[in-house]
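Remember, predicted model here, so these are calculated numbers, not experimental data.
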Amino acid sequence: MNVIFLGPPGAGKGTQAVRVCERLGIPQISTGDILRRAMKEGTPTGLAAKSYVDKGELVPDSVVIDIVRERLAQPDCQNGYVLDGFPRTVPQAQALGEFASIDAVVNIEVSDEKLTARLSGRRVCLSCGGTYHVSTLNGATACEKCGAELIQRKDDKAETVLSRLAVYHAQTAPLIDYYAQRGLLKTVDGAQPMDACTAAILEALGEAK
């Protein structure tokens with residue numbers, strides 16, 4: 001099954017993609033991860049991407065699309081995959097449709113208000129990468145796993161969150177209509193508890209047991 005996960009920043013796409021992939025035995029294709037790997041390995045498309053990143057510029061669609069195309073052609077994707085973070089725009093979706101057959105698109109829906117509270121309250125461990133939320137920390141400022149300091153990422157500050165959501169609504173939200181018109185869209189409530197959200201996604205994909 002070839003699946004795309006859509007949803008605003010903080011909706012839990014990455015977490016749910018990992019869970020669903022483990023259940024279905026297919027790889028999670030995170031655009032950020034494969035972009036970094038291609039740059040690290042020095043592939044032709046990776047070097048092309050690095051030339052933009054080094055200048056502080058956005059990697060153009062054509063390069064991102066080539067990297068996704070290369071990744072989906074690898075043997076572990078032959079039985080399916082979950083695309084997390086791609087496509088981000090309708091032109092990217094149109095390009096994807098030229099070399100990939102998508103079976104379902106899961107839209108993880110969460111309101112802007114809940115996302116702002118969720119993201120602006122997130123704290124991340126500088127050392128091990130563990131994530132927490134201020135609502136469960138009870139004032140603690142150190143990681144319970146390794147004792148390192150917990151910080152708020154710049155991306156998670158309230159004003160940045162609102163800016164990221166504005167970009168999402170302008171650029172990525174149109175994909176919801178794009179895939180709905182093609183009969184591929186499955187919308188799931190991303191505000192529910194993590195296990196319930198996973199179960200709802202699997203049910204939407206016809207994989208509930």
Output yes when Asp76 and Arg71 qualify as a salt bridge under the 4.0 Å nitrogen-oxygen rule, no when they do not.
yes

Between [X] and [Y], is any pair of side-chain heavy atoms under 4.5 Å apart?
{"X": "Val3", "Y": "Phe5", "value": "yes"}
{"X": "Leu119", "Y": "Thr116", "value": "no"}
{"X": "Leu115", "Y": "Leu165", "value": "yes"}
{"X": "Leu137", "Y": "Leu150", "value": "yes"}

Flag if over 12 foreign heavy atoms under 6.0 Å of CG, Asn79
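Open: at most 12 neighbouring heavy atoms sit under 6.0 Å from CG of Asn79.
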
Does atom CD (Glu109) have a neighbourhood of more than 12 heavy atoms from anything else shown, all under 6.0 Å?
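Not more than 12 within 6.0 Å, no.
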
Ignoring hydrogens and angles, tell me if any N or O in the side chain of [X] forms a donor-acceptor pair with the backbone of [Y] under 3.5 Å.
{"X": "His169", "Y": "Pro174", "value": "no"}
{"X": "Thr15", "Y": "Gly12", "value": "no"}
{"X": "Thr31", "Y": "Gly85", "value": "yes"}
{"X": "Asp84", "Y": "Ala17", "value": "no"}
{"X": "Thr160", "Y": "Lys154", "value": "yes"}
{"X": "Gln192", "Y": "Asp189", "value": "yes"}
{"X": "Gln152", "Y": "Ser120", "value": "yes"}
{"X": "Arg122", "Y": "Arg118", "value": "no"}
{"X": "Glu207", "Y": "Glu203", "value": "no"}

Does a side chain donor of either Thr198 or Gln16 reach within less than 3.5 Å of an acceptor in the other side chain?
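Note: Thr198 and Gln16 side chains meet the donor-acceptor criterion.
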
A cation-pi test, strictly: NZ or CZ of [X] under 6.0 Å from the centre of the six-membered ring of [Y] and no more than 45 degrees from its axis. Yes or no?
{"X": "Arg88", "Y": "Phe86", "answer": "no"}
{"X": "Arg123", "Y": "Tyr132", "answer": "no"}
{"X": "Lys55", "Y": "Tyr52", "answer": "yes"}

The single option from Val68, Leu72, Val64 that satisfies side chain to side chain contact (heavy atoms under 4.5 Å, CB included) with Ile34 is Val68

Begin with the C-alpha distance, continue with both residues' side-chain angles, and end with the deciding distance and a verdict on side-chain contact (heavy atoms from CB on, under 4.5 Å) for Thr45 and Glu70.
CA-CA 9 Å; Thr45 45; Glu70 286 178 2; 3.1 Å; yes

